[in-house]
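Chain A is the first sequence line, chain B the second, and so forth, proteins listed ahead of strands; every chain is numbered from 1.
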Amino acid sequence: MQLFNTMSGRIEPLAPSDGSALRMYACGPTVYDYGHIGNFRTFIHVDVLRRYLKQCGMAVRHVMNVTDVDDKIIRNAAIAKVGIDAYTKKFEQAFFEDMEALGVERPEVVPHATDNIAEMVTLIEELSAQGIAYQADDGSWYFRIAKFQEYGKLSKKDFEGMEDGARIDVDEYDKDAARDFALWKSVKTDANGVREPAWETALGAGRPGWHIECSAMATKFLGESFDLHAGGEDLMFPHHENEIAQSEAASHQTFARHWMHVRFLLVEGRKMSKSEGNFYTLRDLLLKGHRASAIRLLLMSVPYRHQLNFTFDGLAESTHAVERLRTFAERMRGVFPEGLDVELAQASEKARAGYDAALSNDLNTAEAKAAIFDLVRAGNSAADAGTLRAGNAAAILEVLERFDGVFAVLVDRDAEITRAALAWAEREGRLEEASAEVVAMLSLTDAAIEAMVTERTKAKKMRNFARADGLRNELLAQGIVLEDSKDGVRWKRK
RNA sequence: GGCGCGGUACCCAAGUGGUAAGGGAGAGGUCUGCAAAACCUUUAUGCGUCGGUUCGAUCCCGACCCGCGCCUCCA
C-alpha cells in the first residue's frame, strides 16, 4: 500500500516498522460541541485507511485522543454552569454516536487528555532538563523554538525570514520569542473571580497546552517512534509541527515516519462557517432527511488529498448511488442457474483488481468506486440477458463484500440512525428542526408498511388495479416506494 | 507578502505523453396492467487562457487569469 507522506512530499510505501502491527495516531475531537461534516470527512478518511490496511492483512494499532480540556471547553462549561467533566461527557458521547452512524470504526485506543496529565508533566520536565522548556513570569511553561533546529520541516516553513510580531502582539505574552508555544498554562482566574479548572503538579497549578497532550499520549501508547500520524490539513501547522518539536527534542528519535493530512471540505464552494450559514453537523443533515449512508459515501468519494465540495446535489447523487449498490447486491443474492459465465467471471475479477489497485495507490476512493460500478453494470446486464450463473453471483458478492469492508454502505441502517436522531432532537427540544417528511416517513413502522404491501398484493392478484394503485400512492405519500418484481414486492424508504 | 492545492461535459468527479473512468441529471428505447427497478443508446474533436518542448500534450515547461487552503483557535 502506497500513501502520500506530507513530510517527504512523496507517495511512499506504508508498512509496520516492527513487522507486526501498524502503529498510527490520529488527532481526535475536542469535545466542546457537536461534530460537523468537515470533522467527519477527516475521520472517515482515516477510517478508510485503517479498514483498507486491515483488508490487506495488516494489524493496526490506532490511537485517537479525545481532547477534553481546552479554552473553549472551559468557557462553554462555565456558561452552561457545569463542570468540564459533565460538559465534555455529553459531547463525547454524541461524537461517538455520530461516528457509529457514519460507519467509522472505533480506534483500538481512545485516551483522554485529562487522564494523561502525569505523562505530559514528565515530558515537559524532560524538555526543561534539556533547557528547551522554560517557565515565564506568569508561571506558564513554553517551548523554546530556537532550540529545535528542524522546526518547520513538516509544513515546509522557513522561519528565518519571518519577523516576530508580524501577526501576533508580542507584548501580550511573557514568552521569550513570539513563536514559542505553550506547554503548560498556569491557572487563571476569570473576570468574575472564578478559578479555571487546574491540576496541581510539579510544574505548578495549571493545565496542559494543546500540543503536549498528543505528544505525550502518542508516545505512551505507541512509543517514541511510530509509523503514521494523521489529521486534518489545518493541523499540519502549528499543531503537528509542535508535536514533532516536543517529541523529537525530548527523544532524539523520529516521532512519526509517515504523515497523512486530509484536506478540508467546502460547502457549496465556500469554506464552511457559522457566519456563512453553511455550517452543518451530522445531526442537522439527518433531521433534514439525508441518510447517514449517503453522507458517508459522499464524504469518502473524493480522495482525501483533494478538497471536497459538499453540495446537496452531490448528496442526492450519493443517495442514488447507495441505492443502486444495495439494489444490485440484493439482486445478486437471488437464485441463478448453476455454472459460471467465463466473461462475467473475468469482469468481477477485473473489478476486484481495479478496486485494490485504486485503494493501494494513495487511497483513490473515487477510482475504487468506479471499478465497483463497472461491475454493477456488468452484473445487471448479464442478469438481464440471462447469462448470469450462480458461480458469478457468488463471485460478485465476494467482490462487493470486499468493497463494503472499506466503503461500509451496503447494510441499510439508515432508518434506524435517523430514528435515533429524531429521538435525540425530541430530548433536546429541537424537534422543530426536523423536516415534516422525515417525521412522517418514520412514523410508519415496518410492520405497518408490510401489512399495506400485503393488502395491495392481494388487490393486484384480483386485478383490482385501482385499489392496488391507491394503496401504493398512499405509501408513496409517506415516502415509501414499492417495486414489483418476479420475486415479489420490495419496498424502501425514499 | 510567504508556502501549498486546484481549474476536465448540465452537475459531481477520476485519469494518462498517443487522443477522455465512474456517478448523478436530461433525452430516446427495451421490459412491465401501470409504475418503480434494471438494461441499451445518447450528452467534452474537448480537459482555464496564451506560448514552448515533442512525431504527438488535457497530462511536461513558462507566463497569465480565476478559485481555494495554510501562515491565528479550527478536521
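- At a threshold of 4.0 angstrom between heavy atoms, the contacts of Pro303(A) are confined to the sugar-phosphate backbone, with no base atom among them.
- For Ser155(A) and C70(B), the shortest distance from a side-chain N or O to OP1 or OP2 is not below 4.0 Å.
- Remark: Asn364(A) is not in phosphate contact with A14(B), judged by side-chain N or O atoms under 4.0 Å from OP1 or OP2.
- A heavy-atom distance below 4.0 Å to RNA chain B is reached by these residues of residues 324-334 of chain A, ordered by number: Arg324(A), Thr327(A), Arg331(A).
- Lys369(A) has no carboxylate O lying under 4.0 Å from a charged side-chain N of Asp374(A), or vice versa, which leaves the two without a salt bridge.
- Across A21(B) and U45(B), the matching P atoms stand 14 Å from one another, rounded to whole Å.
- A salt bridge is absent between Glu330(A) and Arg333(A); no separation between the charged side-chain nitrogens and carboxylate oxygens falls under 4.0 Å.
- Ion pairing of Glu437(A) with Lys494(A) is absent here, as no side-chain N (NZ or NE/NH1/NH2) approaches a carboxylate O to less than 4.0 Å.
- In summary, Arg207(A) and Glu213(A) do not engage in a salt bridge, as defined by a charged side-chain N under 4.0 Å from a carboxylate O.
- A sub-4.0 Å separation between OP1 or OP2 of A36(B) and a side-chain N or O of Lys492(A) is absent.
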Legend entry - Strand RNA chain B as a dot-bracket string - pairs counted if Watson-Crick or G-U with both distances under 3.5 Å, | where the partner lies in another strand: (((((((..(((.....[...)))((((((.......))))))....(((((..]....))))))))))))....
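- The listed nucleotides are A25(B), G2(B), C73(B); the one nearest the side chain of Lys157(A) is G2(B).
- Taking only side-chain atoms of Asn309(A), from C-beta outward, the nucleotide of A13(B), C11(B), A14(B) with the closest atom is A13(B).
- Side-chain N/O atoms of Arg179(A) include none lying less than 4.0 angstrom from OP1 or OP2 on C71(B).
- Between Asn380(A) and A38(B), a side-chain N or O to OP1/OP2 separation shorter than 4.0 Å is absent.
- Heavy atoms of Leu482(A) sit under 4.0 angstrom from at least one base atom.
- Across all strands, Gly314(A) comes closer than 4.0 Å to no nucleic acid atom at all (heavy-atom distances).
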Below 3.5 Å is the cut-off: list the nitrogen or oxygen pairs between protein and nucleotides 27-33 of chain B, distance only.
from, atom 1, to, atom 2, distance (Å)
G33(B), N1, Asp469(A), OD1, 3.1
G33(B), N2, Asp469(A), OD2, 2.7

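- Base contact: Leu265(A) has a heavy atom under 4.0 Å from a base atom.
- Between the side chains of Thr311(A) and Asp313(A), no donor-acceptor pair of N or O atoms lies under 3.5 Å.
- Atom name P, nucleotides C11(B) and A35(B): the rounded distance is 31 Å, in whole Å.
- At the heavy-atom level, Asp71(A) lies nowhere under 4.0 Å from the strands shown.
- Heavy-atom neighbours of Lys350(A) NZ from other residues, nucleotides or ligands within 6.0 Å: at or below the threshold of 12.
- By the side-chain contact (heavy atoms from CB on, under 4.5 Å) test, Ala218(A) pairs with Tyr25(A), Phe226(A), Phe255(A), sequence neighbours left out.
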Hey, what are the protein-to-nucleotides 5-10 of chain B N/O distances that come in under 3.5 Å?
from, atom 1, to, atom 2, distance (Å)
C5(B), O2', Arg263(A), NH1, 2.7

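- Within the structure, ring-ring contact (aromatic ring centres under 6.0 Å, His included) pairs that include any residue of residues 375-404 of chain A comprise Phe403(A)-Phe407(A) (at least two apart or interchain).
- Using a 4.0 Å heavy-atom criterion, one finds that Val262(A) contacts no nucleic acid atom at all.
- Separation of atoms CZ (Arg305(A)) and CZ (Arg263(A)) is listed at 10.0 Å; rounding is to 0.5 Å.
- Among Thr114(A), Thr88(A), Val31(A), Thr30(A), the one residue that satisfies the side chain to side chain contact (heavy atoms under 4.5 Å, CB included) test with Val66(A) is Val31(A).
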